[in-house]
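Single-structure report; data block below.
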Amino acid sequence: MAATTSAAVTESPGLETQRKEIESLLQEHKLRAGDTWYLVERRWYEQWKEYVVTGDQNSSSFPGQIDNTELFEELDSYHLKERLVENEDFVLIPAEAWRNLLAWYGMVDDQPALERKVVDLPSTVKVEVYPVEIFLCLHSNMENVVTAQFSRADHIHTIQKVMMKQFEVVEGAETRLWMKSSDTCCERLRNVHVNVLDSCLISGMTVIMEMRNADGTWPSSRPQIIRNSVEEQESYRGQPGVCGLTNLGNTCFMNSALQCLSNTPPLTEYFLRSAYLEELNFTNPLGMKGEIAEAYADVTKQMWSGRHYSVVPRLFKTKVGHFASQFLGYQQHDSQELLSFLLDGLHEDLNRVKNKEYIELRDADGRPDQEVAEEAWHNHRRRNNSVIVDTFHGLFKSTLVCPECRKVSVTFDPFCYLSVPLPFSKDRVMEVFFVSLDPVAKPVQHRLVVPKAGKVFDLCSALSEMTNVSVNQMVVADVFNHRFYKIYHADESLSCILDRDDIFVYELSSRSVEEEGDEVVLALYLRERSQYRDSSSGSSSCGTSLFGHPLLMAVPRVQCSRNALYHLFLQRLARYVRPPDPSEEGEDDEELYKIQTNGVSDDDGEDNGMRPGPFKRDDCCDGGQWDGQADGPAVTQTQPEQAQSQESGKQVQAEGTSSEVRAGCSTEDSASASCSAEASAGVPTNSQQGAGLQQQQPCETEVEEEKGECLPQTNERKGYQARCRKLLFSIQAVNSNGTTERGMGEDGSAFSFSSQPYVAIDWDPDMKKKCYNENEAEKYVKHQSMEVPHQQTTVQLQECIELFTTVEILEEENPWYCPICKKHQLATKKLDLWSLPEVLIIHLKRFSYTKYSREKLDIIVDFPLRHLDFSGCLLRKTGTNGEPPSRYDLIAVSNHYGGLRDGHYTSYARNKDNGQWYYFDDNKVTYAREEQIVTNAAYLLFYHRQDKIRQPTLLPPSDSSSSPAQPANDVNSHKHDGMERATSCVNMETD
């Protein structure tokens, strides 16, 4: 800016000397960008030239004091006239010539010197006669506007300093500038080190300055702050750093990583003291123009202001998605991947190296490790120098050995975090429900040990050893929301079954497998009808909703008529489906229900244990009581036999039951019903049963039964058909979801199944309430394998680090080119730790991806909270007093709960100011105890080197052990982000 000048006139040299000096300066000085020149009114300058040429100091042509009055539009504002022309209205002289003239002649009082800068325009270099005139104001007071002129060569930082002085802003306050070109358009002036010309500032624009609020926010941002209650006022004061982060939708991975970084003392203190402002790199092609660093600084300052319960990191999320498209939207991501991107982005945005030079890497070639390591680290710092490198970067030693020529290649590579493997187990534990062919047996829950890389066949084999049921008679299905989510084939991989999936294994008859085509496997759904009113038409419509557990059962193709299926389904559901009380229905209805249920009594408490379709099985498990199990049906007209079996010294009693011919039911009826019972059970007929089973009257009307014509053409038969119309449920063919109904034939006609058939039985609400026992349907028993406590594997962190430094052979996809053999080789590789950073991040590789399987390892890694010692595996042995700085204390942990497809992230962190541990679960923050931190959910570990740890300045909160808020160990269930299958249909009661 121009400044007023009043200099005392000194004794001037001779006129000839004056002339020669000024002419010499005008000839020597060329226009160079950034130099200062001055405007002098042409008439005064011409008079001075005439004066010095005449050589007479007493001449009347003496010019007097320098006077630029003719150049000003008005003397009050000293605003320069427009359209002034060089050498017609003024002349330009360099700064040194101006200082000489000012010293010899002085200047008219109160007139400013017309100082102008030389600017480098795109096409030429010239003196800027008319500088940029802009308006200045504060964001908090837009009415108070000040006009100022700046050269196009001035930096934005110059404008910032002028504004802070003009508006008396407190020194050290963090400010930022906005450029306003119209009434609505504002743009951030991010880089204060560029000049006015490059920032596109022109005359007439307004520059607005805003100061950061005490709570870390900016007045222009208006961020959303979550309040715990309506009563919370701006006066809230909490512990700095103890602040939650709102989940924007599947962003718990980001919140967890941010909380861990926020509680990393050297990085947080760097941003809190605004040291990043002087190191923002806006020209780095690998960076994000400083935007990631600024967005992270805003979040950090808000969290550490102590004025918020929780902060909404929406702007930070937007910036991350803008520069890393994989984080766009609201899908689930890995906290380690976000952390890796963030550390790299912060490094490039804050890289102190503006122009990276090319450096050719050299191999060790037998040189000492110390020399090669120092060279590698020096080369790394020549291109990468930032607070991230200072805090998080260490050095590996990588040794490769060729398997043929034994060439040894040694290099030293920088790292930002350690990704350590976890010991891999070849087996996994799975829990399944086994549904027996016996209709009265409850499902049995088994715990199986199967190969991780195994097939569904291996699961069936393990279950077969416990149940003595052939593998060929098993079908494995994933049940979800009362329907089959997937029915697996025997050759499918077990890796597609997650631990949280509800797996049911169904036993089918041997004929359904051995004799292909004779039987069809039906998927049976249960549905309840419901009435609702259509709001558009006003009419009533009927809908259905699924309930209970679906079933798989094998049905002979010749019995796929509506009538035959009804009897088969009724017997399969006999454990929890009972007919109504006959006293309520009348004598006729009593006979009807006896026929429909094959004579099953409604009395569930009879001592004789009446059940339809009795079974006897010798291989009953020891872990629970089976209601009735056998190898085949024993259909009699007498009381049921009692069978006992001895296994492992334990008595297991199987209750035999029978179909009973009641009074009022003809022999043909009973025979027909008995035949139907046998067919529905999918077991051999009388002629095929083994010894010990009582014989029954032959069924003479079997063919007629299949056609729905079982009784003679008499009035009695007509009455029977009328009674048969009152059924417990109806049958519909549906799709795999159990919703879309497909066309069926007329009543009694057979179904046509071309692929996996799905059938639903529909219940009226009243009939379901009377006949369907929901409590009994939900019951199951636990096998003795469930009683054995599942031993969770625990490994030490030191074991994982040793595994990381173990010699390994390169994979075929990543060979090494041997310079001696002149070809790619599967060399042996060994990584060693040479030097460790101030803050060490250890990534536990819980997610395992191979060509054959994908899984998450839930083993517990026992990591120390204090004194993690690397002295045994650190190659570099130099340090103060002979002891290398290799001991670390834990400061933060990022946790992952769940599996591969979904999960939830939280974090533990130690506050740097009071030393207290906290548990961060999105916007919820609670106290934590040290014994809670080591869990099988630990994913990222943050360690701080002991020689750099600063002792807490505050005492721990006195109520940390008995906080009103629940401590972190009370958080025993976590809401999984974006779970596609968040609700399980298994809500069974243990019998």
Side-chain angles (χ1 to χ4, degrees), residues 431-445 475-487 501-508 521-531 542-555 565-580 596-597 600 602 604 611-613 627 680 727-741 756-782 981-991:
E431 294 181 1
V432 301
F433 291 94
F434 176 69
V435 181
S436 171
L437 187 63
D438 184 357
V440 297
K442 299 181 180 69
V444 183
Q445 187 180 23
V475 176
V476 180
D478 182 357
V479 175
F480 171 71
N481 204 18
H482 313 295
R483 60 172 60 91
F484 290 115
Y485 185 78
K486 183 176 183 181
I487 299 177
D501 291 343
D502 299 317
I503 302 301
F504 284 71
V505 181
Y506 296 88
E507 179 188 4
L508 301 180
V521 178
L522 292 182
L524 180 62
Y525 291 153
L526 305 179
R527 302 194 305 184
E528 181 179 1
R529 298 190 188 96
S530 58
Q531 295 284 340
C542 181
T544 59
S545 59
L546 293 172
F547 70 94
H549 301 290
L551 294 170
L552 285 175
M553 57 185 297
V555 177
L565 287 179
Y566 177 82
H567 289 287
L568 293 176
F569 294 164
L570 192 62
Q571 185 188 22
R572 191 68 179 89
L573 304 175
R575 181 169 63 89
Y576 43 88
V577 173
R578 293 291 182 270
Q596 292 177 345
T597 59
V600 177
D602 187 45
D604 195 28
R611 295 286 192 276
D627 291 334
S680 64
L727 305 177
L728 300 186
F729 49 78
S730 62
I731 303 174
Q732 294 288 344
V734 296
N735 62 8
S736 60
N737 291 325
T739 54
T740 305
E741 299 180 356
Q756 172 64 59
Y758 293 86
V759 176
I761 59 177
D762 293 344
W763 295 77
D764 287 326
D766 293 339
M767 187 65 74
K768 177 192 171 189
K769 186 176 180 180
K770 292 179 181 179
C771 303
Y772 185 85
N773 189 338
E774 293 190 19
N775 291 333
E776 181 67 23
E778 294 294 328
K779 289 182 179 180
Y780 70 98
V781 295
K782 288 190 175 182
R981 303 166 59 192
T983 305
S984 171
C985 71
V986 175
N987 184 20
M988 306 171 71
E989 298 178 2
T990 305
D991 191 17

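This chain uses plain numbering: 1 for the first residue, then up along the sequence. Since we're looking at a predicted model, the values are computed, not measured.
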Would you say the side-chain atoms of [X] pair up with the backbone N or O of [Y], donor to acceptor, closer than 3.5 Å?
{"X": "Tyr576", "Y": "Lys779", "value": "no"}
{"X": "Arg527", "Y": "Phe547", "value": "no"}
{"X": "His482", "Y": "Gly548", "value": "yes"}
{"X": "Asn773", "Y": "Asn775", "value": "yes"}
{"X": "Asn735", "Y": "Thr739", "value": "yes"}
{"X": "Arg572", "Y": "Met553", "value": "no"}

>> Please evaluate residues Val444 and Lys782 with respect to the criterion side chain to side chain contact (heavy atoms under 4.5 Å, CB included), reporting the C-alpha separation (whole Å), side-chain torsions for both, the decisive distance (0.1 Å), and the verdict.
In response: CA-CA 6 Å; Val444 183; Lys782 288 190 175 182; over 6 Å; no
So, do [X] and [Y] sit near enough that their side-chain heavy atoms are less than 4.5 Å apart?
{"X": "Val476", "Y": "Ile503", "result": "yes"}
{"X": "Leu573", "Y": "Ile761", "result": "yes"}
{"X": "Ile487", "Y": "Val475", "result": "yes"}
{"X": "Phe569", "Y": "Gln571", "result": "no"}
{"X": "Leu526", "Y": "Leu546", "result": "no"}

I need the minimum non-hydrogen distance between [X] and [Y], along with the two atoms involved.
{"X": "Val440", "Y": "Arg575", "answer": "O-CD, 3.2 Å"}
{"X": "Lys768", "Y": "Trp763", "answer": "CA-CE3, 3.7 Å"}
{"X": "Val781", "Y": "Lys442", "answer": "CG1-CD, 4.3 Å"}
{"X": "Ser530", "Y": "Thr544", "answer": "OG-N, 4.3 Å"}
{"X": "Leu552", "Y": "Leu508", "answer": "O-CD2, 3.7 Å"}
{"X": "Val479", "Y": "Pro550", "answer": "CG1-CD, 3.8 Å"}

> When rounded to the nearest 0.5 angstrom, what is the spacing between NZ in Lys486 and CG in Asp478?
Replying inline: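 It comes to 9.0 Å.
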> CD of Glu528 to OH of Tyr772: how many Å apart, nearest 0.5 Å?
Replying inline: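 Rounded to the nearest 0.5 Å, the CD-OH separation comes to 10.5 Å.
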>> For Phe434 together with Phe504, are the ring centres under 6.0 Å from each other?
In response: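 Here the rings of Phe434 and Phe504 have centres that are no less than 6.0 Å from each other.
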>> side chain to side chain contact (heavy atoms under 4.5 Å, CB included) for Leu570 and Val577? Distances and angles first, verdict last.
In response: CA-CA 8 Å; Leu570 192 62; Val577 173; 4.1 Å; yes
> Will you find, in the side chains of Ser545 and Arg529, an N or O donor that is under 3.5 Å from an N or O acceptor?
Replying inline: no
>> Applying side chain to side chain contact (heavy atoms under 4.5 Å, CB included) to Tyr566 and Ile731, what does each step give before you reach the verdict?
In response: CA-CA 7 Å; Tyr566 177 82; Ile731 303 174; 4.2 Å; yes
> Partners of Lys769 by salt bridge (Lys or Arg N to Asp or Glu O under 4.0 Å), sequence neighbours excluded?
Replying inline: none
> Sequence neighbours excluded, which residues qualify as ring pair (Phe, Tyr, Trp, His ring centres under 6.0 Å) partners of Phe484?
Replying inline: Tyr506, Tyr525
